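Indexing begins at 1, ligand by ligand and atom by atom, following the structure's order. Everything quoted here is computed from the prediction, not taken from an experiment.
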Amino acid sequence: YTEQRGPPADTNPDPALPAPAALLKKTPEPSSAKEPPAAAPSGDSHENAGPEEGVGGVLVPPRDPDEDSSSVQYGEMGKPVVLPANLSADVKKLVDEGWQKNAFNQYVSDLISVHRKLPDPRDQWCKEPGRYLEKLPATSVIICFHNEAWSVLLRTVHSVLDRSPPHLLKEIILVDDFSDMAHTKRQLEDYMAMYPKVKIVRASKREGLIRARLLGAKHATAPVLTYLDSHCECTTGWLEPLLDRITRDRTTVVCPVIDSIEDDTFEYKGKGSYQVGGFNWNLQFNWHAVPERERKKHKNSAEPVWSPTMAGGLFSIDRAFFEKLGTYDSGFDIWGGENLELSFKTWMCGGTLEIVPCSHVGHIFRKRSPYKWRSGVNVLKRNSVRLSEVWLDEYAKYYYQRIGNDLGDYGNVSSRKELRKKLGCKPFKWYLDNIYPELFIPGEAVASGEVRNLGLGGKTCLDSPARKADLHKPAGLYPCHNQGGNQYWMLSKSGEIRRDETCLDYAGQEVILYPCHGSKGNQFWQYNSDTHLIQHGSSKKCLAISSNKQKLLMEECDISNQQQQWKFQNYDPS
Ligand code: UD2
Ligand code: MN
């Protein structure tokens, strides 16, 4: 019951998922039809108007796709496409298979024009004359994909072609990371032949997104590199503000605001507000409100803001600066960690990382990873250990505690350490103190590690995933496993029992997980290392386990009751 780490909902890919190829044989997706369902290059925007319009914005299933049945344009202006509940069995099967292959609603995507229009989410400030430098460099847009849905991939490419000033777009490099879906082969080549700016580069084996990006960079010829995921949609004016920042300072690395394209309806949700990137000691990326210290620096909320980290997929960087930083660690496999590596070294080695609110790009956030990872290796952990070894200095131990101090085989990182030395980068402590002072440092905790109950054989530990989805839910118990993860807790100086931003909270009902609020009250616990009691501040009750070891209880304190006695793994009140 240790936390599974992976994208984007912390789930590792399900090994039981059938291979995409197997699915393709059963049901040819639109992409393997002779006529791509996507737009003809003529720009005719009626190409996807197969299905008929239903009542009240609800759709009925498509009829013969060759039949020009209506002029309805699904998903235009980013509107949601909602399928009716009473789908025929055939269509339902297609919908289900689309979900299974992609972890988003491919069927809905196939109904939407690859040239669909989107709302303009920009603040007025962004559109003022003279806002951007007149002379901007061109960029190469690099899009890596592994088995991306045809209509989604094409919409990504077209949104770049349609909404980038031609003189600023040198080329689009599509890096196929060894896909096996049929449409990723000849069909893609044939289609893109009509767009001379689009180049296709193919990996000869599965590289993972990090090495695929490096392969793309090798083929890029523009002075600025722009990376996008293969399920994005760029909005009007997305590119100029990014290039503007880089032109003013070549060491600035910039990210657009990432808007959400809903995985089920493909609704484009332009955000009025935006957040900056952070991370936790599991080395997982997370979002945060723009801190006060940063907000104070700006007159207008559309001005670029500093961000401690980037989400990873969508950013522009000066090519020479990227190379100076040693690009990515090519020892990183498949997915994960590269976003923090690039974030840390940008800051520590003389650059600046910004979110540029005038630039908006949509991205489909998926709840699970649809593609195969490597079997038998925890690639994310391996990437994160490499990252820690090279960049985290004495703080690496906090990540290691979270993985039960089992580093595994992470390969050789000596050349990366060499690189850091050569560049004369600042210590990680400098980064934490100056760029991410909000982060809770476990070293400042009074106690940390597992919280073991001494009753009923002493084998039961406090255990909860403590993810967003677990907030407001009762905290759990589980046999102690000594691997950190969901059993890693910290007792803060101010009496919180916490992991990252989640705190143990008691308001008279059940002991639940709640976002830490820092004002004691229901989150204030007192641990006595002699009696082993954990007493709650406001209720004065003590934390206990039920006799079936399933539930946390709050009881009148009784030092002789072993089910109320707890031991923090590392306790150091000094
Ligand atoms: C986020 C980033 C993603 C990457 C990742 C951490 C955003 C919006 N997305 O996860 O870009 O930084 O965090 O590593 O910031 N791909 C390959 N080969 C593979 C696996 C993936 O080419 O072996 C492609 C994939 O088709 C996609 C891109 O890499 O275009 C990112 O993968 P993802 O969409 O699964 O990652 P995501 O958005 O969950
Ligand atoms: Mn993605």
Chemist: Return the name of the atom in D229, of element N, O or S, nearest to the Mn ion (ligand 2).
Modeler: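 Considering only N, O and S atoms, D229 comes nearest to the Mn ion (ligand 2) through OD2.
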
Chemist: Hey, which atoms in ligand 1 end up nearer than 4.0 Å to a heavy atom of S230?
Modeler: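 Checking each atom against S230, I get 26 (O), 27 (C), 30 (O).
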
Chemist: For ligand 1, which atoms sit closer than 4.0 Å to a heavy atom of H231?
Modeler: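 Atoms satisfying the 4.0 Å criterion: 27 (C), 30 (O), 34 (O).
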
Chemist: Measure across M310 and L353 and return the closest heavy-atom pair with its distance rounded to 0.1 Å.
Modeler: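 Taking every non-hydrogen atom into account, N-CD2, 3.6 Å.
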
Chemist: For ligand 1, which atoms, with element, lie under 4.0 Å from some heavy atom of H363?
Modeler: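 What qualifies from ligand 1 is 8 (C), 38 (O).
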
Chemist: Suppose you place the vertex at the Mn ion (ligand 2); what is the angle out to H231 NE2 and H363 NE2, to 10°?
Modeler: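 It comes to 90°.
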
Chemist: Out of G208, A103, G313, whose heavy atom is nearest to atom 15 (O) of ligand 1?
Modeler: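 Looking at heavy atoms only, the winner is G313.
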
Chemist: List the atom of Y132, the atom of C358, and the distance in Å for their closest heavy-atom pair.
Modeler: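 Looks like OH-CB, 3.4 Å.
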
Chemist: Can an N or O of Y371 be found at a distance shorter than 3.5 Å from an N or O of ligand 1?
Modeler: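 Such a contact does occur with ligand 1.
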
Chemist: How are the rings of W281 and Y395 set to each other: parallel, tilted or perpendicular (split at 30° and 60°)?
Modeler: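 Aromatic pair W281/Y395 classed parallel.
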
Chemist: Could you tell me whether L314 and ligand 1 have an N or O pair separated by under 3.5 Å?
Modeler: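 No - when backbone and side-chain N and O of L314 are compared with those of ligand 1, no distance drops under 3.5 Å.
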
Chemist: Which bit of D177 is near ligand 1, meaning a heavy atom under 4.0 Å away: side chain, backbone, both or neither?
Modeler: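 Side chain only; the backbone of D177 stays clear of ligand 1.
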
Chemist: Counting only heavy atoms, tell me which of G337, A311, P370 gets closest to atom 1 (C) of ligand 1.
Modeler: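 Checking each option, the heavy atom nearest atom 1 (C) of ligand 1 is found in A311.
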
Chemist: Is the closest heavy-atom distance from M310 to ligand 1 below 4.0 Å?
Modeler: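 False for this residue.
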
Chemist: Is the cationic atom of R499 (NZ for Lys, CZ for Arg) positioned less than 6.0 Å from the six-membered ring centroid of Y488 and within 45 degrees of its normal?
Modeler: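 The answer is no, since R499 fails at least one limit relative to Y488.
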
Chemist: For S369, state whether at least one heavy atom is located under 4.0 Å from any atom of ligand 1.
Modeler: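 Contact check S369 vs ligand 1: negative.
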
Chemist: Which of the atoms in ligand 1, numbered in the order shown and given with their element, are less than 4.0 Å from a heavy-atom of E338?
Modeler: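 That gives atoms 4 (C), 6 (C), 12 (O), 14 (O) of ligand 1.
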
Chemist: Do any N/O atoms on I258 end up under 3.5 angstrom from N/O atoms on ligand 1?
Modeler: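 So ligand 1 has no N or O lying under 3.5 Å from an N or O of I258.
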
Chemist: Anything under 30° is parallel, anything over 60° is perpendicular, the rest tilted; go ahead and classify Y191 against W150.
Modeler: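 Y191 vs W150 ring planes: perpendicular.
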
Chemist: Taking everything shown except R293 itself, do over 12 heavy atoms lie less than 6.0 Å from its CZ?
Modeler: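 Enclosed.
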
Chemist: Is K185 salt-bridged to D180, going by a charged N under 4.0 Å from an acidic O?
Modeler: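 Salt bridge flag = no for D180 with K185.
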
Chemist: Are P121 and W238 close enough that some pair of their side-chain heavy atoms sits under 4.5 Å apart?
Modeler: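 Result no, sub-4.5 Å side-chain heavy-atom pair not found.
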
Chemist: For R366, take its heavy atoms, then give the atoms of ligand 1 lying under 4.0 Å from any of them.
Modeler: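 Counting from 1, the qualifying ligand atoms are 33 (P), 34 (O), 35 (O).
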
Chemist: Would C144 count as a polar contact of ligand 1, with the cut-off being nitrogen or oxygen pairs under 3.5 Å?
Modeler: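 It does: an N or O of C144 is found under 3.5 Å from an N or O of ligand 1.
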
Chemist: Do E341 and R386 sit within salt-bridge range, that is, some charged N less than 4.0 Å from a carboxylate O?
Modeler: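 A salt bridge is absent here (no side-chain N lies under 4.0 Å from a carboxylate O).
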
Chemist: With respect to H146, determine whether any N or O atom, backbone or side chain, lies less than 3.5 Å from an N or O atom of ligand 1.
Modeler: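 Yes, there is a polar N/O contact under 3.5 Å.
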
Chemist: I want to know whether F440 and Y398 have ring centres closer than 6.0 Å.
Modeler: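 Judged by ring-centre distance (under 6.0 Å), F440 and Y398 do not meet the cut-off.
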
Chemist: Determine whether the side chain, the backbone, both or neither of R213 has a heavy atom under 4.0 Å from any heavy atom of ligand 1.
Modeler: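 It is the side chain that gets close, since no backbone atom is under 4.0 Å.
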
Chemist: Could you check whether any heavy atom of R206 sits closer than 4.0 Å to an atom of ligand 1, since that is the contact criterion I want to use?
Modeler: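 Flag set, R206 near ligand 1.
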
Chemist: Please tell me whether Q106 and D110 have a donor and an acceptor in their side chains that are separated by less than 3.5 angstrom.
Modeler: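 Judged by distance alone, the side chains do pair up.
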
Chemist: Looking at D229 and R213, does any basic side-chain N land under 4.0 Å from a carboxylate oxygen?
Modeler: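 Salt bridge flag = yes for R213 with D229.
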
Chemist: Can you list the ligand 1 atoms lying under 4.0 Å from a non-hydrogen atom of F145?
Modeler: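 By the 4.0 Å cutoff, the relevant atoms are 22 (O), 26 (O).
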
